[in-house]
Number of protein chains: 4
Amino acid sequence: MNHHSYFHIFLGGEDLVKKDKPKYKQIVDAAVIVIAENGYHQAQVSKIARKAGVADGTIYLYFKNKEDILISVFREKMGVFVENLEKILSQKVTASEKLRLMIENHFDLLAGDLKLSIVTQLELRQSNYEIRMRINDVLKEYLVLLDKILITGMEDNEFDRNMDIRLARQMVFGTIDETITTWVMNDHKYDLVSLAPKVHHLLMKGMRA
Amino acid sequence: MNHHSYFHIFLGGEDLVKKDKPKYKQIVDAAVIVIAENGYHQAQVSKIARKAGVADGTIYLYFKNKEDILISVFREKMGVFVENLEKILSQKVTASEKLRLMIENHFDLLAGDLKLSIVTQLELRQSNYEIRMRINDVLKEYLVLLDKILITGMEDNEFDRNMDIRLARQMVFGTIDETITTWVMNDHKYDLVSLAPKVHHLLMKGMRA
Amino acid sequence: MNHHSYFHIFLGGEDLVKKDKPKYKQIVDAAVIVIAENGYHQAQVSKIARKAGVADGTIYLYFKNKEDILISVFREKMGVFVENLEKILSQKVTASEKLRLMIENHFDLLAGDLKLSIVTQLELRQSNYEIRMRINDVLKEYLVLLDKILITGMEDNEFDRNMDIRLARQMVFGTIDETITTWVMNDHKYDLVSLAPKVHHLLMKGMRA
Amino acid sequence: MNHHSYFHIFLGGEDLVKKDKPKYKQIVDAAVIVIAENGYHQAQVSKIARKAGVADGTIYLYFKNKEDILISVFREKMGVFVENLEKILSQKVTASEKLRLMIENHFDLLAGDLKLSIVTQLELRQSNYEIRMRINDVLKEYLVLLDKILITGMEDNEFDRNMDIRLARQMVFGTIDETITTWVMNDHKYDLVSLAPKVHHLLMKGMRA
DNA sequence: CATGAATGAGAATTCATTCAT
DNA sequence: CATGAATGAATTCTCATTCAT
């Protein structure tokens, strides 16, 4: 999997944002850009509308309110993570290999959309409790799939059968998340994707049977 | 890198003067309670002042602005974490044991102050980029001490010498942080401290030589 | 002053054409229902359109703007009041009897359409100055007929010849209007029509020669 | 009672509005002027604040919201009507004389504050249901006092003992209100106060025993 | 030191109206 | 005739901070 392909889809210029897409997607994509460039608290609806090339009022034909835009951003983008992870789960490979693919996919997608990485790791976390809870609901879907990998691995004796699933999940997701956040906070100045094998190795050591 | 330099930044200058005054502490403590009870975005300066039993204007005799209150909250409370971790580091025990004590201390302190756990794990993360960056500076001091444990462990062949220190640190801190956040989000409904041995075991397996 | 001039203003021109079409009436009737059920300020054009079973844009094929709908509602409904009052005036009965029939007719029509009573007594009065002035123009036609009853009565020595016509008209209309508004505000919970004789008696005592 | 004295109190120039009054009253008085001059729907909070000589935010130290300003306007101004009517009721005169004084007082107060007359008779009636209901509560106090006059008159055999109190009240208030509204709608172009004796005479004829 | 009344900048959202189809 | 997606202007209220007392 080559993360550069994602790069082109996400960052293919503003023109792409405005053309041949339903307005809904136009607005979601505009929101990512505006939030990344201006910060969560400076991402006014009017700015998002302008970037999306629609009138302010048009936003409200597609979203209930500003909150709804933000949650939709997360849901839409996270959707790709989930879809990819489902494909990975359906492959006939070891649990360890699935974990490796998962980490790689996660890193790939965010390294391929730097603005999205800023939005998910930093900006969206400034949202209020309500929004964060709903974002968490979306995240749960992803974590359920991670749990499936862990369970499969334990059943196949690849992972320690005595492992506490919840803690293992928190270690895996916490490590991935912390790694990405640190990378974003360091202005993406080193290559994230190349860290994937090491992260995988570290996590595998911790979980191996 | 010498963590004492950070220490002096924290406690140096006028802050030290103010800390000896009861009102400074009154206000910081009031802030924790108000933020925990009302949420970050509903924690107005006037509410904090009322809870602290002072006038709104008085706040500004002790803090430069609201941001300063929030950072001070983190600094003050994190200070105990750092002090304890320094004591742990000075003990004559293995690196693994130090790691265990660190995790236990971290869990202990937050399990002993539920409001603080809400503030550090959920509410303070809603602050803006500027504040979060400054909170991170405070956090760095803590992470520097964690790095010392890791380095000691690698030097003593307790931990894998080929380990990437940064990744290991991210795994350790990410796992601890994720574990606590999950616990807070689940309304503290299970015992956090009793998870410490399992978390330690998991992390040790990942880092062991 | 000839009230027929008002009549022609109402029914002249394109309005007459439109009134023959079912949609015009559909929309006016929908407006009454929507305003009564939602209140003046919650009676959006889109709601009226939906209730009338037409598209928003269609409204503007039959009405110049929203104001025009509201004025038309009053005009259309008031038209029946005026028509009935004209029939009453043409009867060969005393002025006192005409007054009685007028009050009865007024009460009858509104008691027979509770939604309309809400719209005319409460909701339409929330409209802005411009609309209320134009509604008043419609009302003038009705008041001109009332004046005719008063003048006839004075000429026939049924009513006090020294009476100030304007004040008498204000007493008659003010009393009728206040009586109805009080009834509407009391949720139509008593019988309005049965109050007619008493209102008539009261007013007659005041005006009798 | 000389209505000119009221005139000076009410229209004593803008300076009076801004000086030596608590901010609450400043704002209420400014609201009357702004609503009368701009119309209900063009009376923005910022305009009221500017006219009152305070900052927008200051408004909210004295009023819960804009609605609260409007209701306060009515309550404050209506308060004078009620107070005067209470004084009238305490006088040792006939019920008929009390009614005369009431009408005179009502006309006097509004003729002495033309802007207030516009606000109460036209503009405030454009407010929404909620506000109008609360305005009605204030009005009820006034109507209760009117009822007292009517009851006294009936007990003393000045008024018809068989009269329906509610209808009589509606006739009296309806006539007064309609008379004033007509006067306001005619741009105050004739003298309202001089109509008082005729109105009194008309109403008395209707209610006399 | 302490007070707290006053400040004023800043943004989400609604809805009447248009016009390309 | 009819549609309905798109428009965009317009306004209340909050709250961190100040400063006269």
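Order of the sequence lines sets the chain letters (A, B, ...), proteins ahead of strands, with each chain counted from 1. Just the heavy atoms: all of them, side chains too, but no hydrogens, waters or symmetry mates, feed the values below. As the structure is a computational prediction, the values presented were derived from the model and not from experiment.
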Any side-chain donor-acceptor pair under 3.5 Å between C:Lys23 and C:Gln26?
no
Taking the minimum atom-to-atom distance to the side chain of B:Leu61, which one of F:dT7, E:dT3, F:dT12 wins?
E:dT3
At under 4.0 Å between heavy atoms, what does A:Tyr62 touch on the DNA or RNA strands: base, sugar-phosphate, or nothing?
sugar-phosphate
Could you report the tightest heavy-atom contact between A:Ile69 and A:Ala31, atom names first, then the distance?
CG2-CB, 3.9 Å
Of the candidate nucleotides E:dT13, F:dG4, E:dA9, which contains the atom at the shortest distance from the side chain of C:Ala55?
F:dG4
If I take atom CD1 in residue C:Ile59 and atom P in nucleotide F:dA5, what distance separates them, rounded to the nearest angstrom?
16 Å
In terms of side-chain heavy atoms of B:Thr58, which of E:dA2, F:dA2, F:dC15 is nearest?
E:dA2
Of the options E:dT17, E:dT7, F:dC13, whose atoms approach the side-chain atoms of D:Lys66 most closely?
F:dC13
Using Watson-Crick or G-U wobble geometry with both distances under 3.5 Å, which nucleotide pairs with F:dT7?
E:dA16
Could you state the atom-to-atom distance from NE2 of A:His41 to C1' of F:dC15 in whole Å?
15 Å
At what distance, to the nearest 0.5 angstrom, does CG of C:Asp137 lie from CZ of C:Arg132?
13.0 Å
A:Val54, nearest nucleotide to its side chain (from F:dA6, F:dT7, F:dT12)
F:dT7
Provide the Watson-Crick or G-U wobble partner of E:dA2, both distances under 3.5 Å; none if there is no partner.
F:dT21
Pick the nucleotide of DNA chain E nearest each of A:Gly57 and C:Asn65; which residue has the one closer to the 5' end?
A:Gly57
Between C:Asp56 (CG) and E:dT14 (P), how many Å, whole number?
16 Å
If you look at every strand shown and take non-hydrogen atoms under 4.0 Å, does A:Val45 touch a base, only sugar-phosphate, or nothing?
base
Could you state the atom-to-atom distance from NZ of B:Lys23 to C1' of E:dT3 in whole Å?
10 Å
Taken to the nearest whole Å, CG/A:Asp68 to P/E:dT13 is 10 Å
For a side chain to side chain contact (heavy atoms under 4.5 Å, CB included) with C:Tyr40, tell me which candidate from C:Val34, C:Leu122, C:Val119, C:Leu70 qualifies.
C:Leu70
For A:Arg134, is the CZ atom crowded, meaning more than 12 foreign heavy atoms sit under 6.0 Å from it?
no
Between E:dA16 (P) and C:Arg50 (CZ): distance, integer Å
12 Å
Any salt bridge between C:Asp29 and C:Lys77, counting N to O under 4.0 Å?
yes
Whole Å only: how far is the CD1 atom of B:Ile48 from the P atom of F:dT17?
11 Å
Please tell me which of B:Tyr60 and D:Tyr60 maps to the more 5' nucleotide of DNA chain F, matching each residue to the nucleotide holding its nearest heavy atom.
D:Tyr60
Whole angstrom is fine here: how far is it from CD1 in B:Ile27 over to P in E:dT3?
10 Å
Only pairs with both distances under 3.5 Å count, Watson-Crick or wobble alike; so what is the partner of E:dA9 in this structure?
F:dT14
Can you tell which of F:dG8, E:dA2, E:dA11 lies closest to the side chain of A:Gln42?
E:dA11
